[in-house]
Amino acid sequence: MLNTYYADLHVHIGRSRSGKPVKITGARTLTLSNILEMASSVKGINLLGIIDCHVPEVIDEMEEMLAAGEMIEHPEGGLWYQNVCLLPGSEIEIYDENCKGPVHVLSFFPTVEKMKQFSLYLRGRMKNVTLSSQRIYESAHNLQRVTKELGGLFIPAHVFTPHKSVYGKGVKSSLSEIFLPELIDAIELGLSSDTNMADGIQELRQFPFLSNSDAHSLEKIGREYQTIQMEKPTFAEFKLALINKEGRRITANYGLDPRLGKYYETTCAKCSAFIYEEKGMKCAECKSTAVIRGVRNRINELSAIPVTPTDRGERPPYIHQVPLEFIPALGPKTLQKLRDHFGTDMAVLHDIEEKDLRTVAPQAVVRHILLAREGKLSLKAGGGGTYGKVAQQQI
């Protein structure tokens, strides 16, 4: 029997259990155990990709949790903790001879043993395997091949972000300048783009799209996610869903309206003013020509033809989701009340009826949640590393 599950496949570990940094920019509270508990009990995520599992101390912790019975390794791949399945993953930085600038990619594996083998491979090609998102001194092609030899999945990460992504920094026009397209399993869009924008690029239409949180704190888990139709959340079932096989498929992507992302609009690198003119790219405020190219402009530059709904074919819908932390007037106390009453953020965002929400939250908060569901909130675009904002509505 097929069911629908929530999946977020890009979550960082901030600190190891001994307190050592893993993702330096990640919160100290982002430990393996805290992430699993938050995803399972608070966020309502069923399939969770943690992308710093190559770190030796994290591998040791996963093995100890398995030995203690706190997690169970599923025969079809993935580690089950309560009602969430962990996919062990690794984020890696590539900068080989074919690459104009650093590019981040994700590799996922079905078991701890496969991840241990991958970690050993990285150790001989990476200066510090104890940290996240480190540069590998290896070609992208070889990294892809090794991922596949170990039974893994290979996914370019946040592909339009101005810094450290394939289209933002790595290539002039085509991902084939760096990668072997036949060894790519999916494309991660990133916070400042969506399906409609990305489908304007012809070469991307062959790949499934993923919308993930890239969480650097516990609260950011699930700010972007997808629903996937599977028999159960496992590595094997997820792999089938990526190729739309045996009824397994991605049924919807949920993500920030791209305007809420940090890099939607082009901004001046000197004074942070928005630059809307695509030709010339000169700041009207300070006259600087140093810019941080926004995702909107970059995709327009790369797109070969206009996008219409028929271009998407079998694409699942992309639903603009406003996470609870973006809802105006929703403070931490009210957020905790909502979680205490209704279980998980997924329930509050999708399922709980208006009359029930009103028993817990003020009218203004409930109205904003409903407007978010309907895609009717007014937004102020972000850019240059600053998130967009939700404008408070008149209630």
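The basis for the numbers below is simple: all heavy atoms, side chains too, and nothing from hydrogens, waters or symmetry mates.
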Is it true that [Y] and [X] share a donor-acceptor pair across their side chains at a distance under 3.5 Å?
X: Thr4; Y: Thr227; result: no
X: Asn212; Y: Glu188; result: yes
X: Glu301; Y: Asn297; result: no

Once rounded to the nearest 0.5 Å, what's the spacing between atom [atom1] of [X] and atom [atom2] of [Y]?
X: Ser211; Y: Leu9; atom1: OG; atom2: CG; value: 9.0 Å
X: His368; Y: Leu324; atom1: NE2; atom2: CG; value: 13.0 Å
X: Glu265; Y: Arg296; atom1: CD; atom2: CZ; value: 4.0 Å
X: Lys232; Y: Leu2; atom1: NZ; atom2: CG; value: 10.0 Å
X: His350; Y: Asp345; atom1: NE2; atom2: CG; value: 9.5 Å
X: Leu106; Y: Leu153; atom1: CG; atom2: CG; value: 10.5 Å

task: Would you check if the distance from the ring center of Phe238 to the ring center of Phe108 is below 6.0 Å?
output: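 No, they do not, as the ring centres are separated by 6.0 Å or more.
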Any [X] side-chain heavy atom under 4.5 Å of [Y] side chain:
X: Val322; Y: Leu377; result: yes
X: Arg249; Y: Pro316; result: no
X: Lys100; Y: Val171; result: no
X: His74; Y: Phe235; result: no
X: Leu47; Y: Tyr5; result: no
X: His10; Y: His12; result: yes
X: Val84; Y: Asn46; result: no
X: Glu177; Y: Cys99; result: no

Determine whether a donor-acceptor pair (N or O, by modelled atom type, separation under 3.5 Å) exists between the side chain of [X] and the backbone of [Y].
X: Arg298; Y: Phe160; answer: no
X: Ser40; Y: Leu36; answer: no
X: Glu203; Y: Leu175; answer: yes
X: Thr161; Y: Ser165; answer: no
X: His216; Y: Val11; answer: no
X: Ser213; Y: Glu224; answer: no
X: His341; Y: Lys337; answer: yes
X: Trp80; Y: Thr234; answer: no
X: Arg373; Y: Leu349; answer: yes
X: Glu237; Y: Arg248; answer: no

Are [X] and [Y] close enough for a salt bridge, meaning some N to O gap below 4.0 Å?
X: Asp52; Y: Lys23; result: no
X: Asp185; Y: Lys148; result: yes
X: Arg358; Y: Glu354; result: yes
X: Lys43; Y: Glu219; result: yes
X: Lys164; Y: Glu91; result: no

Shared hydrophobic cluster for [X] and [Y] (ILVMFWY, side-chain gaps under 4.5 Å):
X: Ile155; Y: Ile201; result: no
X: Leu335; Y: Val360; result: yes
X: Leu371; Y: Leu256; result: yes
X: Val146; Y: Val103; result: yes
X: Leu191; Y: Tyr254; result: yes

So, for [X] and [Y], which heavy atoms are closest and what is the spacing to 0.1 Å?
X: Ile45; Y: Asp8; answer: CG2-N, 3.9 Å
X: Ala361; Y: Leu338; answer: CB-CD2, 4.2 Å
X: Gln144; Y: Leu180; answer: OE1-N, 2.8 Å
X: Ala273; Y: Glu285; answer: CB-CG, 3.5 Å
X: Leu210; Y: Gln226; answer: CA-OE1, 3.2 Å
X: Gly77; Y: Cys85; answer: O-SG, 4.2 Å

side-chain contact (heavy atoms from CB on, under 4.5 Å) evaluation trace for Ile92 with Phe118: CA-CA 12 Å; Ile92 306 148; Phe118 188 66; 3.5 Å; yes
message: Tell me whether Arg315 forms a cation-pi arrangement with Phe209, defined as NZ or CZ under 6.0 Å from the six-membered ring centre and within 45 degrees of its axis.
response: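 Pair Arg315/Phe209 counts as cation-pi.
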query: Would His158 and Tyr263 count as a ring-ring contact (aromatic ring centres under 6.0 Å, His included) if you check the C-alpha gap in whole Å, the side-chain angles of each, and the deciding distance to 0.1 Å?
result: CA-CA 11 Å; His158 43 72; Tyr263 297 105; 9.5 Å; no
message: Looking at Ile72, I'd like to know if its CD1 atom is crowded, meaning that more than 12 non-hydrogen atoms belonging to other residues, nucleotides or ligands lie closer than 6.0 Å.
response: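 Open: at most 12 neighbouring heavy atoms sit under 6.0 Å from CD1 of Ile72.
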- prompt: Just wondering, more than 12 heavy atoms not from Lys169 lying within 6.0 Å of its NZ?
  reply: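 It does not: Lys169 NZ has 12 such atoms or fewer within range.
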Member of Thr29, Leu218, Leu86 meeting the side-chain contact (heavy atoms from CB on, under 4.5 Å) criterion with Ile35: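 One option only clears the test, and that one is Leu218.
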Audit row: Leu143, Phe154, side-chain contact (heavy atoms from CB on, under 4.5 Å) steps and yes/no: CA-CA 9 Å; Leu143 177 62; Phe154 184 88; 4.1 Å; yes
task: Quick one: do Gln82 and Ser41 satisfy side-chain contact (heavy atoms from CB on, under 4.5 Å)? Show the steps, please.
output: CA-CA 9 Å; Gln82 296 181 14; Ser41 302; 3.7 Å; yes
